[in-house]
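Positions are given from 1, in the same order as the sequence printed here.
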Amino acid sequence: MAGEPGIIQLGPDNRPIVPDQVIIPFIEGDGVGPDIWKASVAVFDAAVKKAYRGKRAVHWMEVLAGDKGHARTGQWLPAETLESFKKYRVGIKGPLGTPIGGGIRSLNVAIRQKLDLYACIRPVKYIPGVPSPLREPEKVNMIVFRENVEDLYAGIEWPANTPEAVKVVEFLRKEMGQQVRMDSAIGIKPMSPFNSKRLIRMAIRWALDRQYPSVTLVHKGNILKFTEGAFRDWGYELAREEFPSQTIRESELPPDGNAGGKVVIKDRITDAMFQQILLRPDEYSVLAMPNLNGDYMSDALAAEVGGLGMAPGANIGDGLAVFEATHGTAPKYAGKDAINPGSVILSGVLMFDYLGWKEVSGMIQTALQKTIQDKIVTYDLARQLKGAIEVKCSEFGRAIIENME
């Protein structure tokens with residue numbers, strides 16, 4: 001008989017100790033969020049029920065943010081929501097809206113920063129049958145580790161001609177000898193060894209635990225020498241100091257390229273890396289990079305395997321994780337039961353994997369693949385897939401459930 005719902009505890013190395021009856025907070029999201037969450041949670045519950053036959057269950061607890069949070073509490077990101085994520089340690093969310101230009105700052109970024117979820121992890125792996133612009137999409141199997149709390153996303157900026165911007169410009173001109181126009185808007189790009197190293201450390205551990213062959217440091221260090229160039233240097237330093245017997249620099253490989261079972265540490269300039277993920281994707285596995293680069297790169301990789309509708313995401317800190325859809329709110333499709341719920345569903349796969357409920361994550365992954373191979377897909381994939389059976393968001397979820405074994 002099922003026990004009372006419980007809270008995740010932490011074991012060694014901040015690994016979650018999960019009760020059989022676990023409480024998980026969720027934010028359904030803005031725009032299409034309610035549509036894709038409804039389809040996704042039905043898939044999650046069906047998989048847990050089928051895998052564990054009542055011995056385990058998730059007890060979902062809604063927490064508020066975005067439009068619903070503002071409507072009910074007057075706050076876009078209520079403090080109670082952040083406290084719930086801290087208390088229950090694992091959460092999942094749909095997309096949250098952010099206006100361009102003025103207005104509120106990104107709620108997604110705020111959640112990452114306030115909870116110190118310093119690693120944004122986005123696995124990108126081709127699912128057979130998904131339309132792709134690549135000739136050989138099956139070669140794409142990469143995991144992006146994006147630093148999540150600093151770089152330009154720290155949000156330290158001032159509008160042009162404001163007293164704050166003028167003050168910074170005057171300092172740069174008078175004290176630092178820099179030629180900056182007085183009418184400039186100003187943004188600051190902080191990057192520290194502490195935040196960079198803990199992100200790279202997690203990426204290397206991920207590669208070691210899952211037997212990936214390499215970790216590539218992606219940076220624009222040829223131009224931004226003391227921020228992104230330092231990211232590269234700190235990465236090599238970390239690997240040498242903390243993983244000396246488990247890693248090897250690419251430049252130290254023997255002529256035959258045999259790494260001897262060690263993880264190869266590489267680095268690539270960002271613009272060159274965009275070519276590499278198109279032309280030579282099978283040469284890369286784990287990618288670690290600063291915040292802005294990770295935003296661009298993960299979206300570009302998602303386009304290679306079916307678009308953002310098929311792109312999962314995880315924001316992970318030390319003993320705390322929030323999983324999320326990586327796409328936007330698509331407000332014109334809100335309430336139309338049309339959007340692909342794959343991003344939230346695959347984020348759930350990551351979540352159950354993180355919880356150690358691998359029977360559930362494996363079952364969902366296999367059922368999703370079978371559904372796509374049967375060409376039962378939502379409109380975003382159907383328009384690119386000859387002979388596809390176009391279904392609604394909710395129908396796609398039900399088809400996945402029917403394919404569970």
Start with the C-alpha distance between Lys86 and Glu83, add both sets of side-chain angles, then the distance that settles salt bridge (charged side-chain N to carboxylate O under 4.0 Å, His left out), and finish with yes or no.
CA-CA 5 Å; Lys86 290 178 183 177; Glu83 289 304 315; 3.5 Å; yes
Determine whether Lys55 and Asp20 satisfy the following criterion, side-chain contact (heavy atoms from CB on, under 4.5 Å), listing intermediate values before the conclusion.
CA-CA 7 Å; Lys55 293 181 180 179; Asp20 288 342; 5.7 Å; no
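Other residues, nucleotides and ligands place no more than 12 heavy atoms under 6.0 Å from the NZ atom of Lys114. In this structure, Tyr354 places its OH atom where more than 12 heavy-atom neighbours from other residues, nucleotides or ligands lie under 6.0 Å away. The number of heavy-atom neighbours closer than 6.0 Å to NZ of Lys392, taken from other residues, nucleotides and ligands shown, is 12 or below. In the displayed structure, Lys197 atom NZ is contacted under 6.0 Å by more than 12 heavy atoms of other residues, nucleotides or ligands. Around the CZ atom of Arg173, the shell of radius 6.0 Å holds more than 12 heavy atoms that belong to other residues, nucleotides or ligands. Other residues, nucleotides and ligands contribute more than 12 heavy atoms inside 6.0 Å of the OH atom of Tyr52.
Of all non-hydrogen atoms in Asp353 and Ser361, the two that sit nearest each other are OD1-OG, 3.5 Å. Of all non-hydrogen atoms in Ala382 and Ala388, the two that sit nearest each other are CA-CB, 3.8 Å. Residue Ala119 comes nearest to Met202 through the heavy atom pair CB-SD, 3.5 Å, listed as atom of the first residue, atom of the second, then distance. The minimum heavy-atom distance linking Val169 with Met182 is given by the pair CG1-SD, 3.6 Å. Residues Ile27 and Ala65 share a closest heavy-atom pair of CD1-CB, 3.8 Å. Residues Ser347 and Glu324 come closest through the heavy atom pair OG-O, 2.7 Å.
The closest donor-acceptor contact from the side chain of Asn14 to the backbone of Asp318 lies at 3.5 Å or more, if one exists at all. One N or O on the side chain of Asp337 and one on the backbone of Ser394 form a donor-acceptor pair closer than 3.5 Å. For Asp30 (side chain) and Asp67 (main-chain N/O), a donor-acceptor pair under 3.5 Å exists by modelled atom type. Judged by distance alone, the side chain of Glu150 and the main-chain N or O of Ser192 form a donor-acceptor pair under 3.5 Å. Within the 3.5 Å criterion, the main-chain N or O of Ser214 finds a donor-acceptor partner in the side chain of Ser285. Thr216 places no side-chain N or O within donor-acceptor distance of the main-chain N or O of Lys266, the cut-off being under 3.5 Å. In this structure, Thr326 contributes its side chain and Ala311 its backbone to a donor-acceptor pair below 3.5 Å. Of the possible donor and acceptor atoms, none in the side chain of Lys375 sits under 3.5 Å from a partner among the backbone N and O of Ile372. When atom types are taken as modelled, the side chain of Gln275 and the backbone of Asp271 share no donor-acceptor pair closer than 3.5 angstrom.
A distance of 10.5 Å separates CD in Glu250 from CD1 in Ile248, rounded to the nearest 0.5 Å. In this structure, CE in Met297 is found 5.5 Å from CD1 in Ile277, a value given to the nearest 0.5 Å.
Checking each of Trp357, Phe352, Phe26 against Phe44 for a ring pair (Phe, Tyr, Trp, His ring centres under 6.0 Å) leaves exactly one that passes, namely Phe352. When Lys220, Glu228, Glu147 are each tested for a side-chain hydrogen bond (donor to acceptor under 3.5 Å, both in side chains) with Asn293, only one passes: Glu228.
Using a 4.5 Å heavy-atom cutoff, the side chains of Glu80 and Val63 are not in contact. Two residues are said to be in side-chain contact when any heavy atoms from C-beta on lie closer than 4.5 Å; Tyr236 and Ile265 meet this criterion. Annotation: side chain of Lys139 is not in contact with side chain of Leu134 (no heavy-atom distance under 4.5 Å). The shortest distance between side-chain heavy atoms of Arg210 and Ile143 does not fall below 4.5 Å. Between Ile204 and Leu238, the closest side-chain pair of non-hydrogen atoms falls below 4.5 Å.
Qualifying side-chain contact (heavy atoms from CB on, under 4.5 Å) partners for Ile188, counting only residues two or more places apart in sequence or in other chains: Ile156, Trp158, Ile186, Pro190.
Ring geometry, Trp76 versus His70: the interplanar angle falls under 30°, so the pair is classed parallel (tilted spans 30 to 60°).
The salt bridge (Lys or Arg N to Asp or Glu O under 4.0 Å) pairs that include a residue from residues 297-313 are Arg122-Asp299, where partners are two or more places apart or lie in different chains.
Salt-bridge formation is not detected for the pair Asp13/Arg205: no Lys NZ or Arg NE/NH1/NH2 atom is positioned less than 4.0 Å from an Asp or Glu carboxylate oxygen. Ion pairing of Lys370 with Glu405 is absent here, as no side-chain N (NZ or NE/NH1/NH2) approaches a carboxylate O to less than 4.0 Å. Ionic pairing of Arg268 and Glu283 is not present here: no N-O contact between side-chain nitrogen and carboxylate oxygen is shorter than 4.0 angstrom.
A cation-pi arrangement is found for Arg146 relative to Tyr153, the charged atom lying closer than 6.0 Å to the ring centre and inside a 45° cone about the ring normal.
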